[in-house]
Amino acid sequence: MRSALLVLVGAHVLLGCGAAPGTEPAHAARPTTEIRSAAPHERRPARPAGEERAATGSAAAALRSTDADCAALAPEVQKASRMIEVLRESDLSTPPDALRRIADRLDLWARATAVRASDPELAERARDLRESFARTGAAVRELRATLEARDIKKASLGRARLERELDRDAKVVRSVAGRCKSDPYEPIQGKAHIPPHVVRRVVHENFAPMRACYEKGLRRDPRLEGRIPVHLVVDRDGRVTYAGDADRPAADAPLLIALPSPGATPPSSPAPPLRDEGVVDCVLGVFRGLRFPALADRKSVATVVYPIVFGVDHNRSPAQ
């Protein structure tokens with residue numbers, strides 16, 4: 001009989017919107033304006049009540065429509081803002097595989113249907129955002145190819161192209177933010193650090209339910225084993241606001257460059273991904289309920305990658 005062995009391996013990562021008037025020609029005819037004082041009994045014709053209400057209602061409806069457009073565009077702007085922030089932090093030492101993951105996500109965002117907006121300007125910006133995902137994704141793939149080929153000269157040129165695309169993306173983001181009177185970078189906040197030993201301690205304290213998730217999978221498949229790279233976002237109060245599989249992120253998952261931070265322990269072996277979705281979902285559910293110490297920087301959020309490797313120890317007897 002085999003017994004389950006859970007290997008916990010911690011890796012920590014921080015990623016943590018008119019022309020001046022010309023001079024009037026000398027020969028231009030000027031209209032004559034008659035100025036006179038209104039007699040006390042003279043009054044300007046009142047606007048019909050129905051017309052007044054219609055104008056007010058129309059203005060309010062236009063405002064509500066713009067507010068609705070801005071609300072619909074907010075997730076797209078946040079995606080673009082995050083894309084810019086993450087890729088600005090990357091450099092020529094970023095692993096090509098991390099760039100591949102980002103390019104895959106940008107391709108997914110680019111293929112999605114653009115947000116429909118009533119405001120013509122915002123409708124155009126929604127299309128611009130989709131195009132920015134496609135353009136930037138292509139630039140990331142080009143940079144990745146040159147890094148894999150170890151062509152430093154072409155990689156430097158690719159990095160310069162990526163920076164130009166990010167400048168264009170930032171211009172689109174500022175245009176939407178200006179129209180919607182919002183700060184696209186506010187949801188991102190800052191970047192905080194949770195020491196790896198603190199992450200390990202919190203995970204070990206909640207080991208039992210994670211092990212139970214794996215043991216349920218073992219009953220379905222006695223040879224089940226593999227790795228789950230858990231991607232966490234922790235808010236200022238220590239609550240987990242996002243937990244997902246870094247290898248298979250959802251379309252709305254935060255972008256991530258998986259770079260180990262100092263003090264992190266890398267996996268002892270390149271274990272394959274764990275292929276039981278039920279176990280993965282169960283483990284992620286446990287992580288969503290974890291509570292970490294409050295962050296020192298109260299205006300920041302922290303991003304953590306914590307790979308867990310589940311395996312079967314074939315050498316242990318049931319008595320051990």
Side-chain angles (χ1 to χ4, degrees), residues 11-17 74-112 128-148 155 158-174 176-177 183-194 229-235 241-262 264 295 297 299-307:
H12 185 269
V13 61
L14 295 179
L15 292 183
C17 145
E76 301 299 293
V77 173
Q78 291 178 27
K79 288 178 183 178
S81 302
R82 184 61 174 167
M83 171 186 71
I84 294 167
E85 183 197 43
V86 167
L87 289 173
R88 293 280 196 207
E89 292 182 357
S90 67
D91 54 30
L92 296 182
S93 66
T94 299
D97 190 57
L99 295 178
R100 177 188 61 78
R101 295 172 189 271
I102 292 175
D104 288 346
R105 184 78 61 80
L106 296 182
D107 290 347
L108 181 64
W109 291 351
R111 290 194 299 269
D128 289 343
L129 286 170
R130 293 295 170 182
E131 291 174 3
S132 73
F133 296 146
R135 287 187 289 97
T136 305
V140 171
R141 289 190 186 282
E142 178 184 305
L143 176 59
R144 171 178 175 262
T146 59
L147 290 174
E148 287 186 327
R159 180 69 205 186
R161 179 200 167 187
L162 177 58
E163 289 292 345
R164 289 194 296 271
E165 295 296 349
L166 294 176
D167 288 341
R168 293 176 64 184
D169 300 337
K171 185 176 181 180
V172 175
V173 168
R174 288 194 300 269
V176 178
D183 180 0
Y185 296 96
E186 183 178 356
I188 297 174
Q189 299 176 324
K191 297 173 288 261
H193 175 76
I194 301 178
V230 182
H231 173 195
L232 301 175
V233 177
V234 181
D235 71 8
T241 60
Y242 172 82
D245 185 341
D247 283 344
R248 291 175 290 180
D252 60 347
L255 275 177
L256 172 69
I257 293 181
L259 299 175
S261 64
L295 304 182
D297 184 351
K299 296 182 179 180
S300 298
V301 295
T303 299
V304 176
V305 173
Y306 197 96

Asker: Going by the rule side-chain contact (heavy atoms from CB on, under 4.5 Å), which residues pair with Pro75 if we only count those two or more places apart in sequence or in a different chain?
Answerer: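 Checked Pro75 against side-chain contact (heavy atoms from CB on, under 4.5 Å); zero matches.
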Asker: Please find the pair of heavy atoms, one from Gly137 and one from Ala103, that lie closest to each other, and give the distance.
Answerer: O-CB, 3.9 Å
Asker: Find the distance between CZ (Arg164) and CG (Leu162) and round it off to the nearest 0.5 Å.
Answerer: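 Separation between the atoms: 9.5 Å.
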Asker: List in chain and number order the residues that pass salt bridge (Lys or Arg N to Asp or Glu O under 4.0 Å) with Arg135, two or more places apart in sequence or in another chain; answer none if no residue qualifies.
Answerer: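 Listed in chain order: Glu165, Asp169.
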Asker: Once ring-ring contact (aromatic ring centres under 6.0 Å, His included) is applied, what residue pairs with a partner in residues 85-106 remain, sequence neighbours excluded?
Answerer: none
Asker: Of the non-hydrogen atoms in Leu99 and Val140, which two are nearest, and what is the gap between them?
Answerer: O-CG1, 3.3 Å
Asker: Could I get the full list of side chain to side chain donor-acceptor pair (under 3.5 Å) partners for Asp91, not counting sequence neighbours?
Answerer: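 Scan of Asp91 (side chain to side chain donor-acceptor pair (under 3.5 Å), adjacent residues dropped) gives Ser93.
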Asker: Answer yes or no: is there a side-chain heavy-atom contact under 4.5 Å between Asp245 and Pro229?
Answerer: yes
Asker: Picking from Val77, Asp128, Ile84, what satisfies side-chain contact (heavy atoms from CB on, under 4.5 Å) with Val172?
Answerer: Asp128
Asker: According to side chain to side chain donor-acceptor pair (under 3.5 Å), who are the partners of Arg159, at least two apart in sequence or on a separate chain?
Answerer: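 So Arg159 forms a side chain to side chain donor-acceptor pair (under 3.5 Å) with Ser90, Glu163.
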Asker: Taking all heavy atoms of Met83 and all of Phe133, pick out the closest pair and write down the distance.
Answerer: SD-CD2, 3.9 Å
Asker: Check side-chain contact (heavy atoms from CB on, under 4.5 Å) between Asp167 and all other residues, then give those that pass, not counting sequence neighbours.
Answerer: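 Partners of Asp167 under the side-chain contact (heavy atoms from CB on, under 4.5 Å) test: Arg88.
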Asker: Quick check for you: to the nearest 0.5 Å, what is the distance between Ile102 atom CD1 and Thr136 atom OG1?
Answerer: 11.0 Å
Asker: Do you know which two heavy atoms are closest between Ala80 and Val173, and how far apart they sit?
Answerer: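 Where Ala80 meets Val173 most closely, the heavy atoms are CB-CG2, 3.7 Å.
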Asker: Tell me every residue that passes salt bridge (Lys or Arg N to Asp or Glu O under 4.0 Å) with Asp107, counting only those two or more places apart in sequence or in another chain.
Answerer: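 By the salt bridge (Lys or Arg N to Asp or Glu O under 4.0 Å) rule, Asp107 matches Arg141.
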Asker: Heavy atoms, side chains only, cut-off 4.5 Å: are Leu143 and Leu92 in contact?
Answerer: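 Leu143 vs Leu92: side chains touch.
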Asker: Flag the pair Asp247 and Arg101 as a salt bridge only when some basic side-chain nitrogen lies within less than 4.0 angstrom of an acidic carboxylate oxygen.
Answerer: yes
Asker: For Pro249, check side-chain contact (heavy atoms from CB on, under 4.5 Å) against everything at least two apart and list the hits.
Answerer: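 Pro249: side-chain contact (heavy atoms from CB on, under 4.5 Å) contacts with Arg105, Ala253.
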Asker: Kindly indicate whether the side chain of Val301, heavy atoms from C-beta on, has any atom under 4.5 Å from the side chain of Thr241.
Answerer: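 Heavy-atom side-chain distance check fails, nothing below 4.5 Å.
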Asker: With Arg111, which residues qualify under side chain to side chain donor-acceptor pair (under 3.5 Å), at least two apart?
Answerer: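 Testing Arg111 for side chain to side chain donor-acceptor pair (under 3.5 Å), a comparison that skips the adjacent residues, returns none.
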Asker: Once rounded to the nearest 0.5 Å, what's the spacing between atom OG of Ser132 and atom NZ of Lys79?
Answerer: 11.0 Å
